[in-house]
Structures are given as C-alpha cells and as structure tokens.
Amino acid sequence: MKKFISGNDAAVQGALASGAQAMYGYPITPSTEILQIWSEEADKNDRLIFLQTEDETTAGFAVNGSVLMGVKAFTATSGPGTVLMQDGLSMAENLRLPTVTIVMQRGGPSTGQVNYSQQELNLAVFGGNGEGLRIVYSAGTPQEMYDFTLEAFDSAWRYKFPTLVLGDGYIGKQKTEVELKHPLNPYQNSSLLAGKNLRNCYSSEEQFYEYLSKNILDFEEKSSLIARSESIGPKNAPELIVAHGSVFFVIREALKVIDPKSKKYQLFRPVTLRPFPKQDLKVAARGKKKIWFFESSYGQLYHLVSAELDAASVSAKIIKVFKPAYRFLPEDIADSLKGGK
Amino acid sequence: MNYKTMPKCYKNSSKPHFFCPGCGHAMILKQLGSTIDELKISAEVVFGIDIGCSLLAWDFFDFDTIQTHHGRVIPVMIGVKKANPKKVAVAYMGDGGGYAIGLQSLIHAAYRDDPVVAILVNNTNYAMTGGQMAPTTFPGEITTTSSSGKKSSGFGNYLDGLKLLSSVADQSAYLERVSVSNPRQIVSAFKKAFETSDKNHFSFIEILSICPTNWKTDAADSFEFLKNMEDKFPVQKYPLGE
C-alpha cells in the first residue's frame with residue numbers, strides 16, 4: 001500500500017508494522033511529528049503505550065525498562081536530545097537491550113540550527129561511554145525511514161544490540177509516496193529480565209573485561225550479517241564517491257546529469273554506519289584514482305573509514321567536500337566534481 | 001548464617017552481603033524482603049536499583065532485579081510498569097540519586113501518579129563515593145566536600161524531599177517518611193506502598209538511615225545522629241493537596 005506521508009510519519013508506520021508497542025519521547029524539532037503521530041495512534045489503540053516524558057534522558061531509560069519486559073519500544077529525538085540519550089544507550093549496549101532510537105539530525109549545539117545536518121554520526125555510532133556496540137542505519141529518504149525502521153526493530157531483537165536509525169530534518173519533514181510493505185516475519189520478543197538479576201556494575205577490571213570481551217566478540221561475529229552497503233555506477237570507474245543518508249541521493253540525482261553514461265563515477269554508501277561495511281568499501285576503493293567524500297559534517301564519515309582505507313593501502317587521491325550542517329544541492333555536487341583536480 | 005531468620009526471597013548465594021558493617025541498607029532490605037514474603041508477591045516484583053550504595057543490592061534477592069544508572073531508576077521502572085502493568089515495580093535509590101541527579105524524574109513520577117513504589121534511603125551523604133555532601137546534608141555537617149562543615153549559604157539548608165513531593169503528588173498517592181530506628185513502621189509503610197501500587201497509584205517511602213562508615217560514628221553515635229535526623233526530617237505520613 002502506498003501513502004503520501006512525511007519521513008517522520010514513515011518512521012511511525014515502520015515502528016507499527018514492526019509490532020512496536022511503546023514509545024517514550026520529548027518534543028524536539030525536526031523529529032517532533034514522530035512523537036505526535038505516535039500519540040495519535042495510541043489514542044486510537046489501547047494496546048499502544050505512550051508517554052511524553054520530562055526529558056530525553058527519561059525517554060531513553062523508559063525504553064530500556066519496557067524492552068526488559070519484552071515489549072518492543074522506541075524513542076525519537078535530535079541534537080541535544082541525542083546527547084541526553086547516550087547514558088540510556090550505554091546501559092542498553094552493555095545489557096544487550098534491543099532498543100530502537102530514531103535520530104533526525106539537526107545542526108550544532110542546542111538550537112544551533114534545527115533544519116538539517118549530518119553532525120550526529122559520531123553520537124549515533126560512538127556517543128556513549130562504551131565501545132559503540134550498536135547498530136546504526138543511515139536513511140536517505142522517507143521510504144527508507146519506513147524500511148530501515150522495520151529493519152532496525154528486526155536487527156535489534158535478533159542480535160540484541162541497541163539500534164539507531166539516523167535520518168535528518170529534510171527527510172523527516174519531506175512528504176512523498178511511501179510504500180508500506182509488511183515485514184515478512186516480525187521477530188518474536190520476550191522478557192529479558194525473567195528470573196534474572198541484571199547489572200551494569202562490576203567488582204573488578206577482570207570481571208568487567210571478561211563480560212565486555214564476550215559482547216565485543218559477539219558484535220564482531222554478527223557484523224558481517226548486519227553490515228550493508230549500496231553502490232551504483234560502474235565498479236571499474238576511475239573515481240569513487242562516498243556519501244551517506246540523504247546526501248547519497250542528492251549525488252545520485254547530480255550524476256544523472258554529470259555522468260549520464262555512467263562511466264566516470266562509482267557512488268558508494270554505507271547503509272549501516274555501524275557495523276561499517278568495511279569490506280565493501282575496500283573492494284569499491286580498489287584501483288580508484290580519486291575518492292570523494294561528501295558530507296554535511298566536518299568529516300565524521302571520513303574519520304570513520306579513513307583508517308580502513310589506509311589499512312587497505314588505497315593510494316587514491318582523497319578529496320573531502322565537507323559542509324558542516326549545510327545542505328548539498330545537485331548543482332553543488334556538479335561544481336565540486338568539476339573543480340576537483 | 002542462620003537463614004531461618006532471613007526472608008525467603010533472599011538470594012542465599014549472595015550472602016553475606018557487601019554493605020558495610022552497621023549499614024542501614026541491610027536492615028531496610030531485610031524488612032523489604034520480609035514484607036514481600038508476607039504479601040507473597042515475589043513473583044510479581046521487579047526490583048530496580050539506582051547507583052550509590054543501593055547498587056550493592058543488584059543480586060540481593062531471588063526476584064527479577066535490574067540495576068540501572070544514577071538517577072534513572074524511576075524512568076526504567078516506569079518503562080517496566082507500563083510494559084507489564086501486572087508487575088509490581090519497586091524503585092530503590094539513595095538521597096543523592098533521588099533528591100539530586102534524579103529529582104526531576106521523581107517529581108514527575110509523583111506528579112503523573114505513576115504506579116511505582118519508590119523507596120529512598122536517606123543517610124545525608126553520597127556514601128558510595130566516600131561521603132560527599134548531598135542536598136540532605138545538614139548545615140555544619142562535615143563531609144569530604146564540606147570539610148569545615150556544610151555552609152547553608154551557597155550550598156542550601158537541607159532538602160525535605162517529602163514536603164516537596166507532597167506539593168505535587170496526586171491525592172491518591174501515598175507518601176511516608178520512616179526511620180531504621182523503627183523496623184515495624186518500615187514494614188507497615190511498605191505494605192501501604194504496595195497496596196497503593198495495587199490501586200495503580202504512586203507511592204514514596206523515604207527511610208532515614210545510618211552510615212557509620214562515612215559519619216565515622218560508633219553504634220551509639222550513629223543512632224544519636226539518626227535521632228537528630230528524625231528531629232529535622234519529620235517521621236510521618238504526608239498529607240496531600242489542600
């Protein structure tokens with residue numbers, strides 16, 4: 001079924017289709033419609049749980065509580081809210097709680113700029129006091145807000161890691177046709193606390209190291225099942241362009257004009273920022289003369305992968321087009337590509 | 001250890017417990033365990049604990065227990081209760097967790113009348129980190145961050161959390177302050193709190209407790225200090241609303 005809805009609405013529809021039962025949140029632009037639409041859904045359906053909490057910290061921890069009881073629960077936020085949710089995400093990470101957090105990025109601190117950015121990548125991937133044992137999807141369209149929210153609930157409960165869907169203000173507010181597919185087999189959930197005493201406090205370095213090492217090993221083992229990328233254009237093209245989220249789609253549009261015969265550029269995106277599809281990027285980077293990074297941040301994506309490219313002995317010239325908290329239009333892409341020697 | 005005198009819901013493998021000798025927590029948890037035994041609700045209880053000395057209770061009982069983060073036990077237990085209303089959600093915290101870092105959540109839980117049983121153990125200091133000043137520390141009291149005695153000017157007098165909560169809690173909530181000097185009263189307060197939770201309302205029990213380690217007091221002086229606390233923090237049920 002197709003519906004003309006916003007990216008924020010699509011996230012709610014994805015959560016509903018995944019069997020999510022509880023949502024806790026706090027109003028913050030540009031993610032507020034997720035809270036609003038869920039509250040309207042909860043008004044119509046007694047099975048759904050909704051609480052507008054006193055702050056984002058509480059929203060994050062309430063999600064942890066519901067998930068412990070085996071209920072699929074999520075929250076949605078942006079900017080300073082993403083900062084406040086890190087403590088709860090760290091708890092979820094260490095206790096392997098399958099929470100879902102939808103982050104619609106905005107720019108800068110506090111109310112710096114409430115439209116758009118890609119500045120919350122670091123927060124989404126490594127924001128907590130821990131090792132970033134999280135799954136992070138980077139969505140680029142309202143359709144993907146729906147699809148990746150479905151996937152996020154599935155991955156969270158299947159692998160028991162907190163999962164985030166990273167979007168941005170443009171995607172959240174933009175209305176378009178979204179195909180509401182139903183998940184094939186919604187992953188079954190059950191209480192994670194029954195018969196247990198769970199903790200995030202350890203008596204010694206040895207005890208904690210042993211516990212954490214198991215989680216890290218498990219994350220590494222599951223990574224190949226979770227990590228995903230997308231690539232368009234010829235694999236033997238001389239130049240590679242790397243971008244994520246909505247910037248990927250801007251570049252895709254620009255390339256239709258700049259490289260209509262699809263000869264010069266291969267365009268690569270990580271669908272999951274964590275675990276990162278390292279192998280896919282290494283393969284894409286092989287033999288390239290130039291590698292372009294386009295991002296609406298000062299290199300948060302680039303810094304996530306630069307070590308991998310070094311390790312793969314990629315000798316391509318790296319060109320960074322960073323516009324922190326600033327949009328890209330297709331013509332900006334064309335100008336950059338023409339200018340880059 | 002003679003387990004016959006211990007509550008049945010104790011997790012024997014975690015005893016002897018890790019609390020300091022003479023700590024009030026052990027006395028309070030024993031009364032909590034006995035009450036839960038008597039009411040036969042151990043299968044329904046979800047025990048949530050905050051950070052501070054309370055965290056040492058993470059494996060104290062044989063029922064479902066989740067140790068949360070500092071100041072966040074109330075939010076987690078709200079999530080628990082909303083997800084499974086048949087459960088009895090107990091949030092256990094210290095005065096730092098409840099009256100400082102987690103105060104916002106405590107006030108809002110009272111204000112919304114969330115059906116959680118909140119238990120706050122007040123020993124007038126941050127004991128786990130070595131006895132720092134708390135909002136409950138008395139003027140003149142020596143702690144590791146008020147080495148010449150707490151100055152009320154700039155650091156506040158002493159926070160009466162129950163008075164504060166009674167001004168926002170719903171009429172159907174139950175608020176009471178008790179003291180470790182009177183274990184029977186603790187049990188009766190717990191029972192009243194569980195009854196209130198059964199009726200889907202918020203309950204809050206503050207327990208004045210002793211901390212010989214950080215107060216640097218012997219048994220007699222600990223209870224002398226407690227008497228002083230009982231004078232300043234009235235041990236009573238709190239009337240709600242106008």
Side-chain angles (χ1 to χ4, degrees), chain A residues 20-26 42 46-75 84-95 97 99 128-130 189-203, chain B residues 9-11 13-14 18 42-87 89 91 101-112 114 116 128 168:
Chain A
Q21 207 188 324
M23 195 269 178
Y24 306 98
Y26 186 87
D46 285 345
R47 201 185 139 267
L48 300 182
I49 299 160
F50 166 66
L51 182 66
Q52 183 174 322
T53 54
E54 58 274 19
D55 53 37
E56 287 94 343
T57 308
T58 295
F61 279 97
V63 170
N64 290 352
S66 286
V67 160
L68 277 163
M69 292 293 99
V71 161
K72 287 184 181 173
F74 76 109
T75 184
L84 290 176
M85 282 182 185
Q86 295 302 330
D87 193 22
L89 282 166
S90 294
M91 174 181 172
E93 228 177 276
N94 205 54
L95 288 169
L97 305 182
T99 60
N129 42 343
N189 40 321
S190 57
S191 171
L192 305 172
L193 188 60
K196 288 184 190 146
N197 295 159
L198 294 179
R199 60 167 164 170
N200 267 349
C201 56
Y202 291 83
S203 314
Chain B
C9 58
Y10 263 26
K11 189 177 191 174
S13 60
S14 68
F18 287 104
S42 68
E44 285 80 49
V45 167
V46 178
F47 190 44
I49 49 187
D50 211 89
I51 296 296
C53 294
S54 58
L55 71 79
L56 295 173
W58 77 271
D59 64 346
F60 202 91
F61 294 111
D62 237 344
F63 42 71
D64 300 354
T65 303
I66 175 72
Q67 173 257 316
T68 69
H69 287 196
H70 201 25
R72 309 304 160 217
V73 68
I74 293 266
V76 173
M77 298 323 283
I78 287 169
V80 162
K81 184 71 180 178
K82 287 206 175 281
N84 191 343
K86 286 183 192 144
K87 293 288 181 187
I101 193 167
L103 181 60
Q104 178 150 313
S105 294
L106 186 57
I107 290 174
H108 280 268
Y111 158 69
R112 289 186 300 249
D114 290 323
V116 295
M128 178 56 97
V168 294

* To do: Residue by residue, scan residues 74-81 of chain B and write down, ordered by number, those that have a heavy-atom distance under 4.5 Å to chain A; if none do, write 'none'.
  =>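 Residues of residues 74-81 of chain B touching chain A at under 4.5 Å: B:Pro75, B:Val76, B:Ile78, B:Gly79, B:Val80.
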* Considering heavy atoms only, which positions within residues 50-60 of chain B lie below 4.5 Å of chain A? ->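 If one takes a 4.5 Å heavy-atom cut-off, the residues of residues 50-60 of chain B near chain A are B:Leu55, B:Trp58, B:Asp59.
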Under a 3.5 Å distance rule, please check whether [X] uses its side chain to pair with a backbone N or O of [Y] as donor and acceptor.
X	Y	value
A:Gln21	A:Arg47	yes
A:Ser190	A:Gly70	no
A:Asn197	B:Phe63	yes

* Asked: Run the side-chain contact (heavy atoms from CB on, under 4.5 Å) check on A:Ser203 and B:Phe18 step by step: do they pass?
  -> CA-CA 11 Å; A:Ser203 314; B:Phe18 287 104; 5.7 Å; no
Of all the heavy-atom pairs spanning [X] and [Y], show the shortest one and how long it is.
X	Y	answer
A:Phe50	A:Ala42	CB-CB, 3.8 Å
A:Thr75	A:Gly25	OG1-CA, 3.9 Å
B:Gln67	B:Ile49	CA-CG1, 3.5 Å
A:Tyr26	A:Thr53	CD1-O, 3.3 Å

Which atoms of [X] approach chain A - backbone, side chain, both or neither, heavy atom under 4.5 Å:
X	value
B:Tyr111	neither
B:Thr68	both
B:Phe47	neither
B:Val73	neither

Looking at [options], which makes the most heavy-atom pairs under 4.5 Å with chain B?
options	result
A:Leu51, A:Asn200, A:Asn64	A:Asn200
A:Ala59, A:Ser191, A:Gly65, A:Ser90	A:Gly65
A:Ala194, A:Gly88, A:Ser66	A:Ser66

* Applying side-chain contact (heavy atoms from CB on, under 4.5 Å), name anything that partners A:Asp55, two or more places apart in sequence or on another chain. =>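 If we apply the side-chain contact (heavy atoms from CB on, under 4.5 Å) test to A:Asp55, skipping adjacent residues, the hits are A:Thr57, A:Thr58, B:Gln104.
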Rounded distance [0.5 Å steps], [atom1] in [X] versus [atom2] in [Y]:
X	Y	atom1	atom2	value
A:Met91	A:Asp87	CE	CG	9.5 Å
A:Leu97	B:Ile66	CG	CD1	6.5 Å
A:Met85	A:Phe61	CE	CZ	11.0 Å

* Asked: Which bit of A:Leu68 is near chain B, if near means a heavy-atom gap under 4.5 Å: side chain, backbone, both or neither?
  ->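 The side chain, not the backbone.
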* **Partners meeting salt bridge (charged side-chain N to carboxylate O under 4.0 Å, His left out) with B:Arg112 (sequence neighbours left out)** =>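 In terms of salt bridge (charged side-chain N to carboxylate O under 4.0 Å, His left out), with neighbours along the sequence ignored, B:Arg112 is linked to A:Glu54, B:Asp114.
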* To do: Tell me, out of B:Lys87, B:His69, B:Arg72, B:Lys82, who's got the most heavy-atom pairs with chain A below 4.5 Å.
  =>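 So the answer, after comparing B:Lys87, B:His69, B:Arg72, B:Lys82, is B:His69.
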* Does a side-chain heavy-atom distance below 4.5 Å link B:Thr65 with B:Lys11? ->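 No - every pair of side-chain heavy atoms lies 4.5 Å or more apart.
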